[in-house]
Q: 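Quick one: the structure is below, questions incoming.
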Number of protein chains: 2
Amino acid sequence: MGKPTKVTNSIRALRFAHGEMTQAELAERLGVTRQTVIAIEHGRYSPSLEMAFQIARVFGVPLDDVFQYPGTEE
Amino acid sequence: MGKPTKVTNSIRALRFAHGEMTQAELAERLGVTRQTVIAIEHGRYSPSLEMAFQIARVFGVPLDDVFQYPGTEE
DNA sequence: TGGCCATGTTAAGTTTTCTATACATGGAGC
DNA sequence: GCTCCATGTATAGAAAACTTAACATGGCCA
């Protein structure tokens with residue numbers, strides 16, 4: 001299945017910071033399934049770029065606040 | 001085939017701004033094929049998040065300088 | 001105890017991303 | 001003219017992302 005991705009994320013923290021938003025609620029807002037949210041949140045695979053942009057938009061933060069690519073900081 | 005993606009990018013401009021870097025050269029730096037670079041540059045499909053991070057890193061700019069998601073600005 | 005809710009797992013299948021190969025075109029230089 | 005080189009197109013297939021559906025667990029509360 002999905003390669004254990006190098007990209008990490010802060011989705012869980014952002015969900016709780018946004019009114020205890022549930023995974024189901026986030027999934028619905030993104031127009032994807034709950035399983036997709038769970039898989040991304042757990043880092044089982046990294047989302048597509050479009051999905052990443054959408055997630056960042058839901059939380060109203062820049063992309064880099066949601067996803068971290070190790071080694072990006074010089 | 002690939003869905004006509006909503007994400008646009010500035011790869012071509014960035015390539016030329018970085019010493020007339022060719023598509024083949026960029027592809028090699030990314031560890032992908034030339035076809036992948038062409039397809040992404042033409043917006044035939046949006047790259048994976050990991051690929052996007054790698055591209056941004058090659059040019060030494062933040063992700064949002066390479067890719068634009070329409071409607072992200074409020 | 002029993003039901004509901006949020007979370008998590010698994011498996012099978014579809015769509016999108018990416019690879020590999022082959023071939024076409026126009027420009028620059030010999 | 002011919003040959004490189006950068007760019008582009010097309011096709012088939014592999015790999016990764018995503019869907020759908022089914023089921024399992026632990027917490028809460030009436």
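A, B, ... follow the sequence lines: proteins, then strands. Residue 1 opens every chain.
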Q: Under the side chain to side chain contact (heavy atoms under 4.5 Å, CB included) test, which residues partner T33(A), sequence neighbours left out?
A: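 Side chain to side chain contact (heavy atoms under 4.5 Å, CB included) check on T33(A) returns Q35(A), T36(A).
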Q: Taking only residues two or more places apart in sequence, or in another chain, which ones meet A13(A) in a side chain to side chain contact (heavy atoms under 4.5 Å, CB included)?
A: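 Checked A13(A) against side chain to side chain contact (heavy atoms under 4.5 Å, CB included); zero matches.
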Q: Rounded to whole Å, how long is the line connecting atom CG of N9(A) with atom C1' of dA17(D)?
A: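 Rounded to the whole Å, the gap is 15 Å.
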Q: Is the phosphate of dT7(C) approached by H42(A) (side-chain N or O, under 4.0 Å from OP1 or OP2)?
A: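 No, H42(A) has no side-chain N/O under 4.0 Å of OP1/OP2 on dT7(C).
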Q: As a test of understanding, state which of R15(A), E41(A), Q68(A) forms a side chain to side chain donor-acceptor pair (under 3.5 Å) with S10(A).
A: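 So the option named by the test is Q68(A).
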Q: Which pairs, with at least one residue in residues 20-39 of chain A and sequence neighbours excluded, count as a salt bridge (Lys or Arg N to Asp or Glu O under 4.0 Å)?
A: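 Matches after skipping sequence neighbours: none remain.
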Q: Separation of L49(A) atom CG from dA16(D) atom P, in whole Å?
A: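 It is 18 Å, rounded to the nearest whole Å.
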Q: Would you indicate, yes or no, if dA6(D) has its OP1 or OP2 atom less than 4.0 angstrom from a side-chain nitrogen or oxygen of R15(B)?
A: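 No.
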Q: What's the angle between the local helix axes at either end of the helix from dT1(C)-dA30(D) to dC30(C)-dG1(D), using five pairs per end and rounding to 10 degrees?
A: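 Result, rounded to 10 degrees: 30°.
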Q: Does E41(B) or S48(A) map to a spot on DNA chain D nearer the 5' end, using the closest nucleotide for each?
A: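 Upstream on the strand: E41(B).
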Q: Tell me which residues in residues 17-38 of chain B lie within less than 4.0 Å of DNA chain C, going by non-hydrogen atoms.
A: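 Under 4.0 Å from DNA chain C: G31(B), V32(B), T33(B), Q35(B), T36(B).
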Q: Would you please name every residue forming a ring pair (Phe, Tyr, Trp, His ring centres under 6.0 Å) with H42(B), sequence neighbours left out?
A: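 For H42(B), no residue satisfies ring pair (Phe, Tyr, Trp, His ring centres under 6.0 Å) once neighbours in sequence are set aside.
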